[in-house]
> 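Please see the structure below; I have some questions.
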Amino acid sequence: MQESEVTRAVAAARSIASSLGLAAADAVVLHNSNKLTLRLLPADVVARVAPLAHGIARFEVELARRLAEAGCPVAALDPRAEPRVYERDGFDVTLWTFYEPVTPQELSPAGYAAALRSLHAGMREVDVPVPHVTDRVGHAQRLVAGRDHTPALADADRELLGDTLRSLGRMIGERGGAEQLLHGEPHPGNVLVTRDGPLFIDFETCCRGPVEFDLAHAPEEVAEHYPGVDRELLRACRILMLAMVTTWRWERDDQLPDGRRLGTEGLGRIRAELDALRGGHQPAT
């Protein structure tokens with residue numbers, strides 16, 4: 001969010017919390033992207049604030065509630081407030097439990113894999129309408145194809161991204177293996193390491209596809225502890241995920257700090273991965 005929006009978003013979150021009897025004299029920004037995540041004190045409640053136009057908050061609340069009921073390792077909504085979306089001053093606000101963090105190194109690859117397996121098991125019990133992985137790939141393809149959306153992309157880089165998204169997206173769509181509800185982006189930034197164990201957050205990118213797509217977002221060692229992984233598919237998913245993330249960094253309105261540098265690095269990594277794939281060996285690290 002832009003700084004002007006942040007001030008209004010903080011005020012909206014504090015106002016809602018206070019109206020529910022949750023003291024919110026202070027607000028600490030935990031994360032700022034397309035939505036704002038705040039720790040409100042002294043009540044110690046996490047508020048996630050998104051513009052009304054974002055339109056994903058209700059889905060996240062309902063899915064988090066159902067996944068918790070299924071025993072999944074997910075962050076819980078704050079039990080002191082009604083589990084719903086609150087609207088104030090053009091923002092959707094949801095209230096979540098604050099978990100005191102522990103040292104990230106305490107989450108081993110085996111623990112990460114076990115938590116992701118547990119999440120996937122619960123997700124197989126939940127039936128919600130979500131896009132397919134290939135729909136998300138299609139969105140990235142449209143950004144690459146639309147020069148107005150990605151004006152700074154050089155022609156050769158545009159061709160690289162377009163070809164990678166098209167060929168690997170088609171491979172996943174035609175693979176024909178087992179598919180299920182996925183987190184969509186279970187990278188370390190979306191895993192809270194708590195005294196209650198690892199807990200997943202941020203379900204706005206949920207989609208349907210093979211579990212290898214979720215594993216592609218986790219550290220490489222995690223897949224070694226997840227049984228039944230299709231290694232060829234996983235490698236394709238890793239390159240595809242990298243191409244999607246790189247595309248977003250070149251989007252005209254991307255606000256990630258240092259995003260253009262990350263986009264340039266992403267293009268280099270894609271070329272190295274594809275060269276290694278064609279050569280039948282592992283890319284250099």
> Under the 3.5 angstrom rule, does the side chain of Glu212 hit a backbone N or O of Asp230 as a donor-acceptor pair?
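At least one qualifying donor-acceptor pair exists.
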
> Is the Tyr226 ring parallel, tilted or perpendicular to the His120 ring (thresholds 30°, 60°)?
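Answer is perpendicular, since the angle exceeds 60°.
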
> Any link between Phe200 and Leu192 through a network of hydrophobic side chains (Ile, Leu, Val, Met, Phe, Trp, Tyr) touching at under 4.5 Å?
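Shared cluster, no.
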
> How long is the gap from CE on Met171 to OG1 on Thr134, to the nearest 0.5 Å?
14.0 Å

> Identify whether NZ of Lys or CZ of Arg in Arg88 sits under 6.0 Å from the centre of the six-membered ring of Tyr86 and within 45° of that ring's axis.
no

> For the pair His217 (side chain) and Phe213 (backbone), establish whether a donor and an acceptor sit closer than 3.5 Å, ignoring hydrogens and angles.
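Present.
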
> Indicate yes or no: at least one non-hydrogen side-chain atom of Asn190 is less than 4.5 angstrom from one of Ile201.
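Contact flag for Asn190/Ile201 side chains = yes.
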
> On a heavy-atom basis, which atom in Arg208 and which in Glu179 lie closest, and how many Å separate them?
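Heavy-atom minimum between the residues: NH2-O, 3.7 Å.
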
> From the options Asp78, Asp92, Asp202, select the one residue that forms a salt bridge (charged side-chain N to carboxylate O under 4.0 Å, His left out) with Arg48.
Asp202

> I need the Leu234 CG to Ile239 CD1 distance, nearest 0.5 Å.
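Result: 10.0 Å between the selected atoms.
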
> So which atom in Ala9 and which in Val49 form the shortest heavy-atom distance, rounded to 0.1 Å?
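So the two residues come closest at CB-CG1, 3.7 Å.
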
> Please tell me if the side chains of Leu95 and Leu77 come closer than 4.5 Å, counting only heavy atoms from C-beta onward.
no

> Find out if a path of hydrophobic residues (ILVMFWY) with successive side-chain heavy-atom gaps under 4.5 Å connects Val130 to Met123.
yes

> Measure across Thr94 and Trp96 and return the closest heavy-atom pair with its distance rounded to 0.1 Å.
OG1-NE1, 2.8 Å

> Of all heavy-atom pairs between Ala12 and Phe91, which one has the smallest distance, and what is that distance?
CB-CD1, 4.2 Å

> Under a 3.5 Å threshold, yes or no: a donor from one side chain and an acceptor from the other, between Thr246 and Trp248?
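No, because no side-chain N or O of Thr246 sits under 3.5 Å from a partner of the opposite role on Trp248.
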
> Fit a plane to each ring of His183 and Phe203, take the angle between them on a 0 to 90° scale, and name the class: parallel (under 30°), tilted (30 to 60°) or perpendicular (over 60°).
tilted

> After noting the C-alpha distance and the side-chain angles of Glu69 and Arg65, does the key distance pass the salt bridge (charged side-chain N to carboxylate O under 4.0 Å, His left out) rule?
CA-CA 6 Å; Glu69 291 175 352; Arg65 185 185 63 78; 2.8 Å; yes

> If hydrophobic clusters are built from ILVMFWY residues whose side chains come within less than 4.5 Å, do Leu267 and Leu240 share one?
yes

> Are there over 12 heavy-atom neighbours, none belonging to Asp258, within less than 6.0 Å of that residue's CG?
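Correct, the count exceeds 12.
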
> Do side-chain atoms of Arg249 reach the backbone of Leu262 as a donor and acceptor pair under 3.5 angstrom?
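Such a contact is absent between Arg249 side chain and Leu262 backbone.
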
> With salt bridge (charged side-chain N to carboxylate O under 4.0 Å, His left out) as the criterion, how do Glu60 and Arg66 come out once you've worked through the C-alpha distance, each side chain's angles and the decisive distance to 0.1 Å?
CA-CA 10 Å; Glu60 284 195 275; Arg66 293 176 65 178; over 6 Å; no

> Hydrophobic clustering (ILVMFWY, side-chain heavy atoms < 4.5 Å, transitive) - are Ile270 and Leu233 grouped together?
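Per the 4.5 Å side-chain linkage, Leu233 and Ile270 are co-clustered.
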
> State whether the side chain of Ser108 and the backbone N or O of Gly111 hold a donor-acceptor pair below 3.5 Å, judged by distance alone.
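A pair under 3.5 Å: yes.
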
> Any side-chain heavy atom of Leu153 within less than 4.5 Å of one from Leu161?
yes

> So, Ser18 side chain and Arg14 main chain: donor-acceptor pair closer than 3.5 Å or not?
yes

> Looking at Tyr112 and Ala223, would you say the former's side chain and the latter's main chain have a donor-acceptor pair under 3.5 Å?
no

> Taking the side chain as every heavy atom from C-beta outward, state whether Pro109 and Pro219 have any atom pair closer than 4.5 Å.
no

> Report yes or no: do Leu40 and Leu30 belong to one cluster of Ile/Leu/Val/Met/Phe/Trp/Tyr joined by side chain heavy-atom distances under 4.5 Å?
no

> For Arg195, is the CZ atom crowded, meaning more than 12 foreign heavy atoms sit under 6.0 Å from it?
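For Arg195, atom CZ is not crowded (no more than 12 foreign heavy atoms under 6.0 Å).
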
> Indicate yes or no: at least one non-hydrogen side-chain atom of Ile172 is less than 4.5 angstrom from one of Pro210.
yes

> So, does Asp214 use its side chain to make a donor-acceptor pair with the main chain of Gly184 at under 3.5 Å?
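Pair found, side chain donor or acceptor close to backbone of Gly184.
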
> Heavy atoms only: give me the nearest Pro198-Val191 pair and the separation to one decimal.
CB-CG1, 3.8 Å

> Measuring from Leu119:CG to Leu67:CG, what's the distance to the nearest 0.5 Å?
6.5 Å

> Kindly give the heavy-atom pair with the smallest separation between Cys206 and Leu181, and that separation in Å.
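Reported closest heavy-atom pair: CB-CD1, 4.4 Å.
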
> Could you tell me the separation between the CD atom of Gln141 and the CE atom of Met244, rounded to the nearest 0.5 Å?
9.5 Å

> Roughly how far, to the nearest 0.5 Å, is the CG atom of Leu215 from the CE atom of Met241?
10.5 Å

> Are Thr264 and Trp250 packed together at the side-chain level, in the sense that at least one heavy-atom pair is separated by less than 4.5 angstrom?
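Answer yes - side chains close enough.
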
> Tell me whether Arg58 is salt-bridged to Glu87, with the criterion being a basic N under 4.0 Å from an acidic carboxylate O.
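Here Arg58 pairs with Glu87 in a salt bridge, since their nearest N and O are under 4.0 Å apart.
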
> Take a 6.0 Å sphere around CD of Glu159 and say whether it holds more than 12 heavy atoms from other residues, nucleotides or ligands.
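Not buried by this count: 12 neighbours or fewer within 6.0 Å.
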
> Would you say Arg117 has more than 12 foreign heavy atoms packed within less than 6.0 Å of its CZ?
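Result for CZ/Arg117: open.
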
> Using side-chain hydrogen bond (donor to acceptor under 3.5 Å, both in side chains) as the criterion, point out the one residue from Arg142, Arg158, Arg252 that pairs with Thr150.
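Going through Arg142, Arg158, Arg252 one by one, the side-chain hydrogen bond (donor to acceptor under 3.5 Å, both in side chains) with Thr150 is satisfied by Arg158 alone.
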
> Quick check: does any side chain N or O of Asp135 sit under 3.5 Å from a backbone N or O of His132, one acting as donor and the other as acceptor?
yes

> What's the spacing between Arg8 CZ and Ser15 OG if we round to 0.5 Å?
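These two atoms lie 13.0 Å from each other.
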
> Keeping the roles fixed (side chain from Asp26, backbone from Leu41), state whether a donor-acceptor pair exists under 3.5 Å.
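No, the answer is negative, given that no donor and acceptor are paired below the 3.5 Å cut-off.
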
> Could you check whether any side-chain N or O of Thr247 sits under 3.5 Å from a backbone N or O of Ala243, counting only pairs where one atom can act as donor and the other as acceptor?
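Here the side-chain-to-backbone pair exists.
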
> Apply salt bridge (charged side-chain N to carboxylate O under 4.0 Å, His left out) to residues Arg269 and Glu265 and explain how you reach the verdict.
CA-CA 6 Å; Arg269 288 178 59 196; Glu265 291 178 357; over 6 Å; no

